[in-house]
Protein chains: 2
Amino acid sequence: MMPAGSQTGEVASLARQTAAKGRARFRREAPEDRRRQLGEAALRCIVKHGNAGVSVRQIAAEAGVTQGLITHHFGEINELVAYAFDIMSAGLLQALMKAVEEAEPTPRKRLDSFIEASFSPILFDRDVLGVWVVFWGLVLHSPRMSASQREEYSDYCATVEGLIRDLAADEGFSIADTRLAAIAFTALLDGLWLAWCLNPASFKPQEGIQLCRNWVEGLRRGAYA
Amino acid sequence: MMPAGSQTGEVASLARQTAAKGRARFRREAPEDRRRQLGEAALRCIVKHGNAGVSVRQIAAEAGVTQGLITHHFGEINELVAYAFDIMSAGLLQALMKAVEEAEPTPRKRLDSFIEASFSPILFDRDVLGVWVVFWGLVLHSPRMSASQREEYSDYCATVEGLIRDLAADEGFSIADTRLAAIAFTALLDGLWLAWCLNPASFKPQEGIQLCRNWVEGLRRGAYA
DNA sequence: AGGGAAATTATAAGATCGTATAGCAATGAA
DNA sequence: TTCATTGCTATACGATCTTATAATTTCCCT
C-alpha cells in the first residue's frame with residue numbers, strides 16, 4: 001500500500017550502475033524507428049484489448065520499453081494513437097491499391113479487384129475492425145483524430161471515385177454525381193465490413209462481393225443517373 | 001497517498017445518523033425503475049466522454065447515487081452497459097418503426113418514410129453514433145454484448161427485409177435473395193450514418209436520402225435479380 | 001579515445017478505477 | 001405504530017492509470 005522506498009532512488013541507481021557490465025541494457029534507436037515500433041505496439045495492444053489496450057503501460061510493455069519513452073517521443077498518449085492511426089490507414093489503402101495495380105488494366109477488372117481485396121483478410125478481419133472502432137471512438141471526441149480521419153477518408157473516397165469514373169467512361173453510362181456515388185459505394189463497403197466483423201455468421205464474404213457487384217450493376221443500369 | 005482513516009467507519013456512520021433529522025436522505029425506488037435510471041445515466045456518460053464515460057463512478061454520479069448501487073443492481077458494470085445497449089437499441093428501432101407506421105400504407109411510402117427517419121436526428125446524430133461506437137467496441141470483445149448485438153441486428157435486418165419484400169411484391173420486380181438485399185441496404189444505411197457522423201461535411205443528409213433512393217432504384221431495375 | 005547530445009530507464013506522485021463489505025434507513029405490511 | 005425487508009450509502013482496498021522529473025547509458029562525432 002505504502003510506496004516501498006521513497007528516498008532510495010540514488011542508491012538503487014548506483015546498484016544498477018555497478019551491476020551492468022557485460023552488454024548494453026537497451027538499444028538506442030533513431031526516433032523515426034522507435035516511433036514506428038511504438039505505433040505498431042499500440043496497434044497490437046488495441047487488437048488484443050480494444051479500448052482498454054490504449055494505455056501507456058501496456059503499449060510500453062508490448063514494445064519492450066519503459067513508459068517514459070512514450071512521453072519522450074510523443075508527449076501524450078493521444079499523439080501516439082493518432083500516429084498509429086495514420087500508419088494503419090496508410091497501410092490499408094496501400095494494400096488495396098496494390099491489388100488494383102496488379103489487376104488487368106481495364107476499369108472493370110480494376111474495380112473488381114478493389115472489391116475482392118476489400119473482402120479479403122486485408123480488411124475483412126475482426127482484428128482490423130477492432131482497431132478501427134477504437135479510432136472512430138476517438139475521432140468523435142478528439143480534433144486531432146478527427147483531422148486525420150477527414151484526410152484519410154478523403155483519400156479513400158477519391159480512390160473509389162476514380163475507379164467508378166473510369167468504369168463509367170469506359171462503358172459509356174452516366175452518373176449524376178460521381179462524388180456522391182463514391183460516397184455511397186464507400187458506405188456500402190464499410191457497412192458490410194462492419195456487419196460481418198460484428199457477426200461473421202450474418203453473411204459470407206463471397207456474398208458481400210456479390211452485393212457490391214450488384215451495386216455496380218445498379219450504377220450501370222442508370223439508377224444513379 | 002495513505003488511506004485517510006481506516007478504522008473510522010462506525011464513528012462516521014454514527015455522526016451521520018444523528019445529523020440526519022429532517023428529510024429523507026435518499027429515495028427508495030423499485031428495482032425496475034432504478035435499473036432504467038442507471039442505464040440512461042450510462043448512456044449520457046457515454047455520450048459525454050465516449051469510452052472513458054464507461055465507469056462506475058461517473059455513471060453513479062450522473063445518476064446521483066453512490067457507486068455501490070450499480071453493484072447492487074447489476075453486479076458488474078458490463079452488465080449495466082449491456083442493459084443500456086438493449087434500452088437504446090430498442091428505443092431506436094421503435095422510433096424508426098413509428099415513422100413507418102405513420103406513413104401512408106403503401107410499400108413505397110413506408111420504405112421512403114423509413115429512409116427519411118434514418119436520416120433524421122433520431123439516428124443522424126453524432127451523439128447517437130458515439131454511443132454506438134462504444135457498443136461496437138465492446139461487442140468485439142464481449143460475448144455478452146455480442147449476443148445482444150446479434151439479436152438486435154437480426155431484428156433490424158428483418159424489418160428492412162420486410163419493407164423491401166413488400167415493395168418488390170407491390171411493384172412486381174424480383175430479387176434473387178431478399179435477405180442479402182436487406183443486408184446490403186442495412187450496410188448502406190449504417191455506412192452513410194458512420195461517414196456523416198464522423199465528418200458531417202462530407203455530404204448532406206438530404207444527399208444521403210437520395211443515395212438510398214438510388215439504391216432502391218437499382219433494385220427496381222433488376223440489379224439484384 | 002573521450003566528450004556530449006539525447007535516447008532511455010527509473011522512480012515518484014496523485015487520480016481514478018472496479019469491487020467487496022458492513023451498516024444505515026426508507027418503505028410497505030402487520 | 002412497529003417491524004422486517006432490502007434498497008441504498010459509506011468506506012476501504014488494491015490495481016492501474018497518466019504525467020513529471022531526475023538519473024543513467026548509449027552511441028555518434030571530433
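In what follows, every chain begins at residue 1, and chains take the letters A, B, ... in the order their sequences are listed.
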Asp112(A)/Arg213(A) under salt bridge (charged side-chain N to carboxylate O under 4.0 Å, His left out): CA gap, chis, key distance, verdict:
CA-CA 8 Å; Asp112(A) 211 60; Arg213(A) 290 189 178 132; 2.9 Å; yes

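With hydrogens and angles left out, the side-chain atoms of Ser154(B) and Arg150(B) include no donor and acceptor closer than 3.5 Å.
The distance from the OG1 atom of Thr178(A) to the CZ atom of Phe185(A) is 14.0 Å, given to the nearest 0.5 Å.
When rounded to the nearest whole Å, the span between CG of Asn78(B) and P of dT19(C) equals 7 Å. Taking atom CG of Asn51(A) as the reference point, atom P of dT16(C) lies 20 Å away to the nearest angstrom. In this structure, the CD1 atom of Ile70(B) is 11 Å from the P atom of dT9(D), given to the nearest Å. Rounded to an integer number of Å, the gap from Arg27(A) CZ to dC27(D) P is 7 Å. If you take CD of Glu29(B) and P of dT9(D), they are 10 Å apart, rounded to a whole angstrom. Glu79(B) places its CD atom 15 Å from the C1' atom of dG18(C), with the value rounded to the nearest Å. In this structure, Asp33(A) places its CG atom 12 Å from P of dC28(D), rounding to the nearest Å. In this structure, CZ of Phe74(B) is placed 15 Å from P of dG18(C), rounded to the nearest angstrom.
For dC17(D), one of the phosphate oxygens OP1 or OP2 lies less than 4.0 angstrom from a side-chain nitrogen or oxygen of Gln58(A). Residue Ser55(B) places at least one side-chain N or O under 4.0 Å from the OP1 or OP2 atom of dG18(C). The phosphate of dG7(D) has OP1 or OP2 within less than 4.0 Å of a side-chain N or O from His72(B). A close approach under 4.0 Å does not occur between any side-chain nitrogen or oxygen of Arg57(B) and OP1 or OP2 of dA15(C). Remark: His73(A) is in phosphate contact with dT8(C), judged by side-chain N or O atoms under 4.0 Å from OP1 or OP2.
Using a 4.0 Å cut-off between a side-chain N of Lys or Arg and a carboxylate O of Asp or Glu, Asp86(A) and Arg144(A) qualify as a salt bridge. The residues Arg179(B) and Glu161(B) are annotated as not salt-bridged, no charged nitrogen and carboxylate oxygen being separated by less than 4.0 angstrom.
Among the atoms of the strands shown, base atoms are found under 4.0 Å from some heavy atom of Thr66(A). Among the protein residues, Leu69(A) comes within range of the nucleic acid bases, having at least one heavy atom under 4.0 Å from a base atom.
Comparing Gln67(B) and Arg28(B) against DNA chain D, the residue whose closest nucleotide sits nearer the 5' end is Arg28(B). In this structure, Phe26(B) and Thr71(B) both approach DNA chain C, and ranking their closest nucleotides by distance from the 5' end singles out Thr71(B).
Between the base of dG7(D) and the side chain of Arg34(B) there is no donor-acceptor pair shorter than 3.5 Å.
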